[in-house]
Each structure stands twice: as C-alpha cells, then as structure tokens.
Number of protein chains: 2
Amino acid sequence: MTTDAPGRRQVTLRDVAQLAGVSVATASKAINGKAEVSAETRRRVLDVAERLSFTPNALARAMLDGHTGTVGLLTHDLEGRFSLPILMGAEDAFGAGRSSVLLCDSRGDAIREQHHLSTLLGRRVDGLIVVGSQTDARPPLGRDLPVPVVYTYAPSTDPADASVVPDNVTAGRIAVEHLLATGRRRIAHVSGDVTYAAATDRAAGADAALAEHGLERVGPVRYGSWSEAWGRSSVAALLEQDVDAVVCGSDQIARGVLDALHDRGVRVPDDVAVIGFDNWEPMIAGCRPALTSIDMNFQIMGRRAAERLFASQEGRDPGGVETVTPRVIVRESTGG
Amino acid sequence: MTTDAPGRRQVTLRDVAQLAGVSVATASKAINGKAEVSAETRRRVLDVAERLSFTPNALARAMLDGHTGTVGLLTHDLEGRFSLPILMGAEDAFGAGRSSVLLCDSRGDAIREQHHLSTLLGRRVDGLIVVGSQTDARPPLGRDLPVPVVYTYAPSTDPADASVVPDNVTAGRIAVEHLLATGRRRIAHVSGDVTYAAATDRAAGADAALAEHGLERVGPVRYGSWSEAWGRSSVAALLEQDVDAVVCGSDQIARGVLDALHDRGVRVPDDVAVIGFDNWEPMIAGCRPALTSIDMNFQIMGRRAAERLFASQEGRDPGGVETVTPRVIVRESTGG
DNA sequence: AGCGTCACCGAAAACCGTTTCGGAAGGTTT
DNA sequence: AAACCTTCCGAAACGGTTTTCGGTGACGCT
C-alpha cells in the first residue's frame, strides 16, 4: 500500500527499438525521417513510438547540438496586466517553434533579477526576453551575455540592444484622429501619472495630431493617477469649457469620466465622445456606453519579441528599438 | 562590424580549471565547497570562476542525479484572472526551493494540453501542476505518468490524485456570517452562471450559514452571468422585497449592483450592504463605496500546490483533495 | 558462378559538462 | 619504516541521443 508512486519509468528510444525489433540506431533514423530506413520498418517503429507515447529526451538532444529549445522570460511584475498579453503572445510564438518558456518573476527587484538570470543561464536557455514594468527605458541585463536578449515593453537604455516597445505617440495620434474623423473638434485630455512616459508620449501624439489639423487641445493635459477616481474628479474642471470629446489616458480613467458624465446628465456620445487606452476587456465590459479604446497590441509585441529572439539566435537581427503600432477599437462611446 | 554576436561560448568547468591550473575534479570540489581542497587552491579557483562568470551547467548536473530542478505548469487559460495569482504563488514557492517553472498555456484545448504534456515530459520535469479553468473537476492528465502531478483550481476527477482547490462553500458561509455579524438579517443573493460549481457552491454555503442562524434567504438565488450588466439588471427584482444586504457571486456582479443601487438612490451601506467574491483589485478599486469581498486566497493555493508537489517528489504526499480557506476583506460596502 | 552494387540495418563510438571514485604523490606522525 | 593525512589528478560514470561505419543479404550483370 504505497502512495501510488509515479513510478513508470520514462520511455526511451531503446524501449521503442526493442519492441519494434530493431536497433536503437534504426529507430532513431526512422523517427527522425532519415533516408536509410525501409518504409515498412519506419512504419513499424513509428507505430510503436506512438503506442508507447515516446518523447525524445530533450536533455540528451540538447547535449548534442548545444540548443536546449528553452527561452527565459524575465518579467518584472506578473500582476501588472501588461505582462500577461505579452507573455501570451510570446508563448504562442514559441509554442509554434517548439521552444518552451521558463518563467521568472523578479517582483521588480534587481537582486532577484540577477539571481534568476544566473539560474536561466545555468539551464542554458537559448535566449531571454525581458518584460519591463513601465515604458521607460531600463538598464540592460549585463554585458557579454552568452545568449541573445530582447527587451520588451521597456526598452534597454542601450539603443544597440534589441527592444520591442509600444508606440504611445502613435497611440495618442490615432485616438485624436479617430475623434476628428467622427466630427469632434473640441478635444480635452485627462491622463495618468505624469512621471510615466506612457502618459506624456500619448499626450504628445495627441497634440501633434491636433496641430496637424490646425486645432488646439481644449485646456491643459490633466495629469493625475491611473484610476477611475481621478477620471471622475477631473470631470468638473473639464466641463468648465466647451468640449465635445475627451481623450483619457487609460480605460480606467475613461471609465471614471463616463461615470461622472452620466451622473451629471451629460450624454455620451451625443454631447461628448470618450476614448480610452489599453482596451482592457474587464474594465471595458462594464462601461456604459461601451468604451472605444486604443489597443496597444501587446500580444503582437510578445510575438515580435519572440520572433526577433529567433532571428538573433541565427545572427540575423540588427538590434535596435522596434515599435508596435496600436489600433483603435471602435465602440459606442465615440458614436461609432 | 558584426552585430555584437552573443557568440561567447558558454564557460565550462574545464575552462575554469585550466585557467586556475588545476584539474576539473579539483575545480568542481572547490566550487561545491567539498572538503579536500586547500584554502589557497579554492580561492584561486573561485577567483577564476568569478572572473569568467562561470555558471555550472544545470543539464549536466541533471544527468547525474536525475532531477532537472524544473516543474511544468500547465494552465488552461492565462487570460483568466485566476491562473495568475496561482501561478505567482507557485513561482514563489519554487523560486525559494531553486526550481524553475516551465509555463504552458493549453488555451482550453485538450489536444494542445497533450502536446504540451509530452514536451514537458521530454524535458524531464520533476513534476507538474495543472491549473484548471473552472472549479468543476476535470479528467486526470493521463495514467501512469512518470512524474507527480498536482491539480489546482479544478480538482482531478480521480479523488486519489493530489488536488488543491478553493473552498467555495466556506466562502459563501463566510460572506453571510460577516453580514450577520454586522447586523443584517434580510439577505438576498445574486450570482453568476448556474452551470459553474463556483456559483452553486457559494450559494450552498451562504444558505447553510443562514439556516444555522434560523434565517432564510430573501428570494431565490438569482443566477445569471458573471457580469456587471447582470448585476445591474438584477437590482429591480431584488428591491421588490425588503432586503438589507446582497451577496453577489463575484466582484463584477457586485459592482453592477452597486451602480444600480446608486442610480436608484439606495444608500450603501446604510440601506443595503453589498459583498462580492474574489477580491479582484482592479474591479474593486473603482467601486463606490469600496467593496467588501471574499478573497479566495489563490496565491496561497499556488503555494500549497507547489509544496505538495515537493512532498510528492519525496513520496510523502497522501494524495486527495485539499481546500484552501478564503478570507473576508472588509471595506465600506458592508458598513465595516 | 563470380563479382559488384545497392538498400538496409546494427554495434559501438561520440557527445556534452559535471560529479565521484580510486589512487598517487608528498609530507607528517608513530 | 610503517601508517596516515592532505591534496590533488586521471578516468569513469551519467543518460540518453545521434552518427559513423562496417556488415549482410538480395539482386543484376557478365
């Protein structure tokens, strides 16, 4: 009466060969599609391999060709809702290329990051993806690392490193252009923490788009915090001027704005259009009316990071910062 | 002018030994703190190791002792906000025990799950944690797996398997007991999709707690969907009866209820108390007033799953389903 | 029949970096 | 001189896979 020990030994190539009545060498060739095996033998081997659900030992392979087929993913905070779509995009791309992801969360701690770095290098990952916590640049992991590194969300401070980042300037531009296209002209801007590059970049893009159309923002960019509460409390000041649209620095802020407008009897989108950033489903799901939002395409960012990592491994990535273009998701709040 | 190719070959123990002028064997002992090395030699070896930033190859080590120090984490949907805290809890526990996490997302697809299973086994993980998508039981991964498995969130249908699940019945009970303790007596219940065990379990626990105090629920359990919209639209029916508290199946539903009550001028918590489940920060952050909620302690679940996996590896886990007790986070909406 | 060619297969080596085992050199104690 | 430490080294083992290379039998050609 033991604990039902997970005893079953792993199936090896030798087991397959034995059961198929061939040598290990032949079994290997059959499975790897090498030429010098008769069709009949190959079929038999493959049959047995299937039946035993044989999986070649990745470690043994790694020893031979020097590639482990694993990549390290170093994130700064899993909690943040930005890491997740990036991670999914990357996992997707790697899954297709038969690489596996070793996940490490440094919790924003540089010491922990270094520690995770050495374990990952000890496991001989083929590459690393580093996911930052803000869009502000961060110092590179280290010099002369034995594997390629791609920074994402936050670029490396070294412009020669490979980085994939969201394009917040264009995001701001797209938001304004959408509002202009739907006939708005008097556009105000409420955003989050001014110390975040994401906030100022979006504002810069928005202003640029306005300027190109010979318009000016209504009022200052009202920086505050990334919260619904800030969105709500900003509305009083906003309505002191004549506005027909509000660009909100995040979906959370937008939701606060929507709430406050609703309480004051301001109709959306009839009187005022509202647009947010991030296209964060759970936040948007509850908005009334449904919120138009700029999707930063984080999942695509993750995929691009993975693709560039592959390219780096083959020595054909030029390095440098690459931006991912966001897209607008039109819903009711802008009168779509 | 090459791309600063991360060409630097990985540093091996042999390199260190050579440069330190000792044999590989001695270098190994020096680095691993074995006794039979003179202090002088040890210092020299460690110096060189440091200078070359030598990192021992974990794969080679794995060959010797048979343990890779990696565990597979198979999740059904990363998007779901439940996987994440579980993952964090597990990553935490593993990080402390020097194990690394190989992450796979099966996207709710059984085929993909099997595929990921084979790759993980091919990488010779020391164990597996499977994170389900609902709290309903799920079929085990397979028979006679060569490594221990711990199921979490969703238990395995085989009661002998090791499972760690949230205790939704107790969660419902705790919610009601909190309301009773703050003086409420006429308690209604709005919940999500009736096909989710999480919904019916919570309701069962809530009803049980009421019964123990000689009370009955006001009206039926109003099952619907896990959305704010459902929370809002349920309020009309709720207010047809005299209620002084509403148990909501999730924070989202609770938020919808709060919104609708606010629109109708019903004061919270003065007239009606509201309580939710999951303690989902981003949803709660925007609630007015701040929402009291039952935290299912997912992070603890993840940690327990990791701990039981360790125990299994040493053959000292008895198997069976373990529940994690939730806790109430008191905020304004229940007049705390 | 004898020979060469060809397709197929198997035994054994190579492979990787680490740890460990047995032993050896040299000095010290008994 | 024997016994014993200390300190180090060479070589084996580890565990699977892939690869090399020589062998075997069938077959065609003269």
Side-chain angles (χ1 to χ4, degrees), chain A residues 9-46 48-49 52-70 98 118-119 121-126 146, chain B residues 8-46 48-49 52-70 98 118-119 121-126 146-147:
Chain A
R9 197 175 48 80
Q10 293 268 17
V11 179
T12 81
L13 189 57
R14 185 216 303 276
D15 301 325
V16 176
Q18 221 151 27
L19 203 57
V22 298
S23 75
V24 195
T26 306
S28 171
K29 286 175 225 163
I31 286 175
N32 294 351
K34 292 294 163 76
E36 33 180 70
V37 183
S38 73
E40 143 71 9
T41 308
R42 184 185 306 276
R43 200 188 44 69
R44 206 167 67 242
V45 171
L46 288 177
V48 174
L52 299 186
S53 60
F54 163 75
T55 315
N57 186 327
L59 276 62
R61 275 211 174 132
M63 279 197 308
L64 290 179
D65 64 14
H67 300 294
T68 54
T70 58
R98 336 201 177 302
S118 10
T119 32
L121 291 180
R123 295 194 190 290
R124 296 298 186 266
V125 292
D126 297 332
Chain B
R8 299 229 48 62
R9 196 176 51 79
Q10 291 271 12
V11 180
T12 80
L13 190 57
R14 183 215 304 274
D15 300 326
V16 176
Q18 222 150 27
L19 204 57
V22 298
S23 74
V24 193
T26 306
S28 170
K29 285 175 216 157
I31 285 175
N32 294 350
K34 292 293 163 77
E36 33 181 74
V37 182
S38 73
E40 144 68 9
T41 308
R42 183 185 308 277
R43 198 189 45 67
R44 209 169 63 243
V45 171
L46 288 178
V48 174
L52 301 186
S53 58
F54 165 74
T55 318
N57 186 326
L59 275 61
R61 279 202 172 140
M63 276 200 317
L64 292 177
D65 64 14
H67 300 294
T68 54
T70 59
R98 336 198 181 306
S118 353
T119 35
L121 291 180
R123 295 195 189 290
R124 295 299 187 266
V125 292
D126 297 333
V147 295

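Sequence lines set the chain letters: A, B, ... in the order given, protein chains first and strands last, and positions in each chain run from 1.
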Name each donor-acceptor pair under 3.5 Å that joins a side chain in residues 24-31 of chain A to protein atoms two or more places apart or in another chain, with its distance.
residue : atom : partner : partner atom : Å
A:T26   : OG1  : A:S23   : OG           : 3.1
A:K29   : NZ   : A:E36   : OE2          : 3.0

Does a side-chain heavy-atom distance below 4.5 Å link B:N57 with A:R124?
yes
Round to a whole Å and report the spacing from CG of B:L121 to P of D:dG16.
14 Å
Quick one: label A:G122 by what it contacts on the DNA or RNA (base, sugar-phosphate, nothing), any heavy atom closer than 4.0 Å.
nothing
Nucleotide-resolved protein contact map, nucleotides 11-22 of chain C, B/S/- at heavy-atom distance under 4.0 Å
B---BBBBBBB-
Quick one: B:H67 NE2 to D:dC14 C1', roughly how many Å, whole number?
14 Å
Is the backbone N or O of B:T68 less than 3.5 Å from a side-chain atom of B:R123, with the two atoms forming a donor-acceptor pair by type?
no
Could you go through residues 11-22 of chain B and list every donor-acceptor pair under 3.5 Å that involves a side-chain atom there, pairing it with any protein atom two or more places apart or in another chain?
residue : atom : partner : partner atom : Å
B:T12   : OG1  : B:R14   : N            : 3.1
B:T12   : OG1  : B:D15   : N            : 3.4
B:D15   : OD1  : B:R9    : NH2          : 3.4
B:D15   : OD2  : B:R9    : NH2          : 3.2
B:D15   : OD2  : B:T12   : N            : 2.9

Taking B:D65 for its side chain and B:H67 for its backbone only, find out whether a donor-acceptor pair lies under 3.5 Å.
yes
A:R44 meets the salt bridge (charged side-chain N to carboxylate O under 4.0 Å, His left out) criterion, sequence neighbours left out, with A:E40
Give the rounded distance in Å between these two atoms: CZ of B:R123 and C1' of D:dT17.
15 Å
d(B:R61 CZ, B:L59 CG) to nearest 0.5 Å is 11.5 Å
Global bending angle along the helix from C:dA1-D:dT30 to C:dT30-D:dA1, which compares the axes of five pairs at either end, to 10 degrees:
60°
Please tell me if B:T41 has a side-chain N or O lying less than 4.0 Å from either OP1 or OP2 of D:dC8.
yes
Applying side-chain contact (heavy atoms from CB on, under 4.5 Å) to A:S118 and not counting sequence neighbours gives none
